[in-house]
> 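Pasting a structure here, questions to come.
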Amino acid sequence: MNLPQRLLAPAPGWIVDTDVVVVGSGVAGLTTALRIAGAGLPGSVPTGLRVMVVTKDVLAAGSTRWAQGGIAAALGPDDTPQEHLRDTLVAGVGLCDRAAVQVLVDEGPAAVRELVELGTRFDRSSTGELSLTREGGHHRDRIAHAGGDATGAEIERALVSAVLASPGIEVIEHALVLDLLPTASGGVGAVTLHVMGEGELDGVGAVRAKAVVLATGGIGQVYASTTNPPVSTGDGVAAALRAGAVVRDLEFVQFHPTVLWLGDSASGQQPLVSEAVRGEGAFLVDDAGVRFMQGQHELADLAPRDVVAKAILRRMRETGTQHVWLDAREFGTEKWRVRFPTILTTLLSVGIDPVSQLIPVAPACHYASGGIATDLAGRTTVQGLYACGEAACTGVHGANRLASNSLLEGLVFGRRIASDILASIQPGAPLPELGVDVRGMGIASSGIRQQLQQQMSADVGVLRDAAGLARASSVLQKLSARLSRDPRTESWEATNLLTVASALVAAAARRQETRGAHWREDFGERDDERWLGHLDLRLSRDGMVATDYIPGDQSGSPTVAEVAHR
Ligand code: SIN
């Protein structure tokens, strides 16, 4: 299939210059921006680098603010980074990059303390210690939370207010990233944007910079039903592919086991019922009231996410139902009100009182464990281009992200990207010379979005097989022929969804095994002999997706001694 290669007429309407442009305003983007500018923390010293944050909606609209459960780090007295590492490696089913996980768990506690210094108000015990809870796959209480179940919203509030108070950071809202423009030496030297603003920076223009950081969040809108907000259309991942960057392990899309089931016709963003609800003692039952997670895994209802999602799907098939139930009646009114106020409000708004009623839940698309491939400094395979947060594949998640490791990843690797940029870019240095962009152009019709999402949910969801993947590929191919003459946000988003979905299907078809979040019905077993490695995806100049298998090693699996040590 020939995917569109460039989303813009060759001459942008306006061009502005900065030192570093950060695309995206969740925890990853804002942490990176604050660190590069030298702002936010008590005693911060401005670095002199100009930072421009561009974001598709308003600053606080991305996925971060929807995060409920919390942020994982070895903060408790009985916990250690090594134990956090073991749980992360086990969840990642052999495909984590051990060095990346080591960075995450070692630097995580300090990064969370820094968030506290920045003004984030985490929940605390009566003695003033951080309250820590547990989620699937964790053997210790290590999830810090805020506002009960409003952790992401509180972190985002603190970061946004720090950014708005920082003179070194300029913000452009309602700016959709279109593409990355090359430098004369083959790196990336500018982003093109479509700004729906008023005044000078309106319409299509470009920001030139010495470094570009993509922190554009997830790809959840490739599916009909997802916990991701409507802005999660994979814009950064698609732009990176078009710019020649490697995208890794995109087949590992995590389906959250307990998304509130609102009927079979519900679509778009669906409400999450945090894993922390099970962490505090709730459990799953089927229609007959049977606790089906017992006996399936040593952690039962708190098994890693892929294990629980698969068990729910199996039980739904066996019982011919469209959802299972979560029983959290034992919490009583007070615990629901204090510990899970956001979820309680949502449940009551749809007529469910969780103190007396069971909660209908089913898996839905939640998180892309893969993304733009980076090294430990957040550098992609293209010079001058960095990636961070859900848009990136740093190697910490492997085949299945451990719960609440994502906010932490954004924090830790955002700090690392900033360090790398501060070490390599001087405030007064000239901007790189831009090269000539010779790629072909094209843009998909906005009308393809719904069909694309339904096809992806039908054939590339939790359960996959060769026939379904071939069907999805052929539908995507047909959709890629439906081009638009009307370049507006919806068409650009549809183009990005098409690019990301095509790459995801190519990887899912190539990986003939079942591992983590990738479940092939026709290859039901994990196959370390053939598949203990990564799938790297590239978009060729003629718009074709190529997959390369990169053999891995055993280092992403916990050793026998590590597992036994628990
Ligand atoms: C949840 O609260 O269950 C989601 C946490 C996560 O995705 O890490």
Side-chain angles (χ1 to χ4, degrees), residues 23-24 26-29 62-64 66-67 91-93 95-97 100 152 214-241 245-256 259 269-270 272 304-306 309 363-374 378 380 387-410 413 452-453 456-457 460-462 464 493 496-508 511 515-519 534-537 545 547:
V23 187
V27 65
S63 291
T64 292
W66 295 98
V93 204
L95 289 193
C96 294
D97 174 341
L214 292 175
T216 47
I219 63 168
Q221 292 290 328
V222 298
Y223 289 98
S225 170
T226 173
T227 60
N228 290 193
V231 289
S232 300
T233 49
D235 307 320
V237 175
L241 276 168
V246 167
V247 166
R248 179 167 291 170
D249 293 344
L250 213 51
E251 66 275 32
F252 296 113
V253 177
Q254 187 167 68
F255 281 68
H256 195 290
V259 176
Q269 186 180 8
Q270 305 295 306
L272 184 65
R305 210 163 266 184
D306 60 317
C365 167
H366 183 57
Y367 192 88
S369 296
I372 307 161
T374 73
T380 71
C388 194
E390 189 172 352
C393 181
T394 59
V396 300
H397 304 314
N400 179 44
R401 176 179 62 95
L402 183 67
S404 285
N405 266 356
S406 46
L407 293 173
L408 189 71
E409 183 196 31
F413 285 87
L452 179 148
Q453 291 169 328
M456 291 296 287
S457 284
V460 199
V462 182
R464 301 162 179 180
E493 285 184 338
N496 291 334
L497 290 171
L498 182 64
T499 301
V500 171
S502 303
L504 199 169
V505 170
R511 184 174 288 279
R515 179 186 299 270
H518 175 64
W519 186 2
H534 302 280
L535 283 174
D536 278 3
L537 297 149
V545 175
T547 58

> Treating Asp249 as the side-chain partner and Gly371 as the backbone partner, does any N or O pair qualify as donor plus acceptor under 3.5 Å?
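Such a contact is absent between Asp249 side chain and Gly371 backbone.
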
> Check Asp536, Val545, Leu537 against Val247 for a side-chain contact (heavy atoms from CB on, under 4.5 Å) and give me the one that passes.
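In the set Asp536, Val545, Leu537, the residue that makes a side-chain contact (heavy atoms from CB on, under 4.5 Å) with Val247 is Leu537.
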
> Ignoring hydrogens and geometry beyond distance, is a side-chain donor-acceptor pair present between Asn400 and Gln254 at under 3.5 Å?
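Gln254 and Asn400 do have a side-chain donor-acceptor pair below 3.5 Å.
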
> CE of Met456 to CG of Leu497: how many Å apart, nearest 0.5 Å?
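Output value for this atom pair is 9.5 Å.
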
> So, for Gly370 and Cys393, which heavy atoms are closest and what is the spacing to 0.1 Å?
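Taking Gly370 first and Cys393 second, the nearest heavy atoms are C-CB, 4.0 Å.
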
> May I ask you to test the Thr380-Leu214 pair for a side-chain heavy-atom distance under 4.5 Å?
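No, every pair of side-chain atoms sits at 4.5 Å or beyond.
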
> Taking side chain to side chain donor-acceptor pair (under 3.5 Å) as the test, write out the residues that go with Thr233, two or more places apart.
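Thr233: side chain to side chain donor-acceptor pair (under 3.5 Å) contacts with Lys56, Asp235.
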
> Between Thr499 (side chain) and Ala238 (backbone), is there a donor-acceptor pair under 3.5 Å?
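No, the answer is negative, given that no donor and acceptor are paired below the 3.5 Å cut-off.
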
> To check you understand the geometry: which heavy-atom pair defines the closest contact between Ala391 and Thr216, and what is its length?
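Taking Ala391 first and Thr216 second, the nearest heavy atoms are CB-OG1, 3.6 Å.
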
> Using every non-hydrogen atom in the two residues, find where Arg401 and Ser369 come nearest and quote the distance to one decimal.
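Reported closest heavy-atom pair: N-OG, 3.4 Å.
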
> Which residue in the set Val222, Leu250, Val460, Val500 passes side-chain contact (heavy atoms from CB on, under 4.5 Å) when paired with Val505?
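Result: among Val222, Leu250, Val460, Val500, Val460 is the only option passing the side-chain contact (heavy atoms from CB on, under 4.5 Å) with Val505.
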
> Which heavy-atom pair separates Tyr223 from Arg464 by the least distance, and what is that distance?
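Minimum heavy-atom contact is OH-NH2, 3.6 Å.
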
> Ignoring hydrogens and geometry, is there a side-chain-to-backbone donor-acceptor pair from Thr547 to Ala507 under 3.5 Å?
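Not confirmed, Thr547 side chain does not pair with Ala507 backbone.
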
> For Val396 versus Phe413, what's the shortest heavy-atom pair and its separation?
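For Val396 versus Phe413, the nearest heavy atoms are CG1-CE1, 3.8 Å.
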
> Testing the 3.5 Å rule here: is there a donor-acceptor pair between the side chains of Ser63 and Glu390?
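No - no donor-acceptor pair under 3.5 Å links their side chains.
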
> On a heavy-atom basis, which atom in Thr64 and which in Gly26 lie closest, and how many Å separate them?
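That would be OG1-CA, 3.4 Å.
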
> Quick one, Gln221 and Glu493 - any side-chain contact, counting heavy atoms below 4.5 Å?
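Not in contact.
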
> Quick check: do His397 and Tyr367 have side-chain heavy atoms less than 4.5 Å from each other?
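Answer yes - side chains close enough.
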
> Find out whether Leu272 and His366 are in side-chain contact, i.e. whether some heavy atom of one side chain is under 4.5 Å from a heavy atom of the other.
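The answer is yes, as the side chains (C-beta and beyond) meet within the 4.5 Å cut-off.
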
> Are the side chains of Val93 and Phe252 in contact, using a 4.5 Å heavy-atom criterion?
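No, too far: nothing below the 4.5 Å cut-off.
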
> Is there a side chain to side chain contact (heavy atoms under 4.5 Å, CB included) between His534 and Asp97? Walk through the geometry before answering.
CA-CA 11 Å; His534 302 280; Asp97 174 341; over 6 Å; no

